[in-house]
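It should be emphasised that the depicted structure is a prediction, and the values quoted were computed from it without experimental measurement. Counting starts at 1 for both ligands and their atoms, in listed order.
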Amino acid sequence: MKRACVIGWPIEHSRSPLIHGYWLKKYGIEGSYSKQAVRPENLAEFVRSLAESGFSGCNVTVPHKEAAFALADVREASATAVGAANTLWLEGGKVHAANTDTYGFMTHLGHEARQWQRGTRPVAILGAGGAARAIIYGFLEAGVSDVRIFNRSIGRAADLACHFGARVTAYPWAEFATQSSDANVVVNTTTRGMKGLDDIDLDLSALKSDCVIADIVYVPLETGLLRSARERSLKTVDGLGMLLHQAVPGFEKWFGVKPEVTPELRALLEADVNGAA
Ligand SMILES: NC(=O)c1ccc[n+]([C@@H]2O[C@H](COP(=O)([O-])OP(=O)(O)OC[C@H]3O[C@@H](n4cnc5c(N)ncnc54)[C@H](OP(=O)(O)O)[C@@H]3O)[C@@H](O)[C@H]2O)c1
């Protein structure tokens with residue numbers, strides 16, 4: 001029987017078992033996917049003894065993503081670009097690491113908003129944390145030539161721009177309205193809009209009517225930003241699809257089947273999120 005898990009500290013909040021449990025059942029795979037609470041001081045030992053413990057690999061969540069990246073023997077480009085790993089698997093006796101947030105976000109965006117253009121129009125990213133890194137990498141890989149980061153702390157945005165090079169520029173948060181009027185996509189990667197936190201209150205009036213607004217926060221499913229965008233008849237993309245799609249590569253590595261993100265799986269997660277919102 002193949003086994004995988006998600007590790008974090010704490011780990012109770014993780015929805016990954018719901019996703020992987022659904023797929024294990026759907027594909028009739030004799031396997032398991034569990035939550036493992038791993039203290040930061042025990043992470044290295046846990047990763048080194050994955051095989052001994054009978055695991056094919058694991059997902060990695062807060063606060064272990066950077067440490068897991070550092071512990072891996074082989075790192076995919078996705079993990080190197082972000083400097084963090086959310087998926088580990090064993091291959092040829094080595095621990096491999098990937099960051100599947102990029103894949104999850106870009107796949108969902110492609111499904112929901114085919115009209116977004118991989119051209120010269122700018123993409124505006126709100127936030128400069130770990131998730132922003134993964135998403136900026138995705139846009140750059142897709143060929144976008146102008147990515148603009150807007151962050152509360154401009155220094156963090158500038159560091160990220162420096163990391164990614166000439167196609168990425170940092171701007172103060174207050175310049176969003178003036179510097180993103182021709183944006184093709186706007187993505188919120190900050191924690192704002194999450195249940196219990198203030199909504200993002202941005203002036204969207206200058207955006208073009210074909211601009212796509214994405215939010216990677218998924219509790220609630222419709223954040224204040226997405227509501228404002230919908231009220232202006234802009235195309236919106238929520239954060240739940242990213243969560244679902246980022247799980248696909250890990251499942252395939254551990255259990256040998258590329259799983260499908262079905263409407264039924266989405267409904268299962270929506271019910272769970274709505275219960276929490
Ligand atoms: N849908 C998915 O699958 C998925 C995947 C990954 C992450 N996420 C979500 O993405 C969000 C960010 O995750 P992360 O790992 O990137 O977090 P992070 O590394 O801690 O970054 C947090 C970002 O939010 C900004 N921020 C926090 N509070 C703010 C405030 N009051 N006003 C303005 N900006 C504020 C921070 O700005 P400063 O730099 O100024 O502090 C920073 O840019 C979380 O809500 C997480 O749940 C979703």
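Near ligand 1, residues D101, G127, A128, G129, G130, A131, N151, R152, S153, R156, T189, T190, T191, R192, M194, I216, V217, Y218, G239, M242, L243 come within 4.0 angstrom through at least one heavy atom.
E91 meets the side-chain hydrogen bond (donor to acceptor under 3.5 Å, both in side chains) test with W89; sequence neighbours excluded.
H245 places no side-chain N or O within donor-acceptor distance of the main-chain N or O of L240, the cut-off being under 3.5 Å.
A donor atom on one side chain and an acceptor atom on the other are not found under 3.5 Å apart for S78 and N99.
Residue pairs meeting the ring-ring contact (aromatic ring centres under 6.0 Å, His included) criterion with at least one partner in residues 253-277, sequence neighbours excluded, are H20-W254, Y33-W254, F251-F255. Residue pairs meeting the salt bridge (charged side-chain N to carboxylate O under 4.0 Å, His left out) criterion with at least one partner in residues 236-252, sequence neighbours excluded, are D238-R266.
In the hydrophobic clustering of this structure, V187 does not group with M194; members are Ile, Leu, Val, Met, Phe, Trp, Tyr whose side-chain heavy atoms approach within less than 4.5 Å, directly or through other members.
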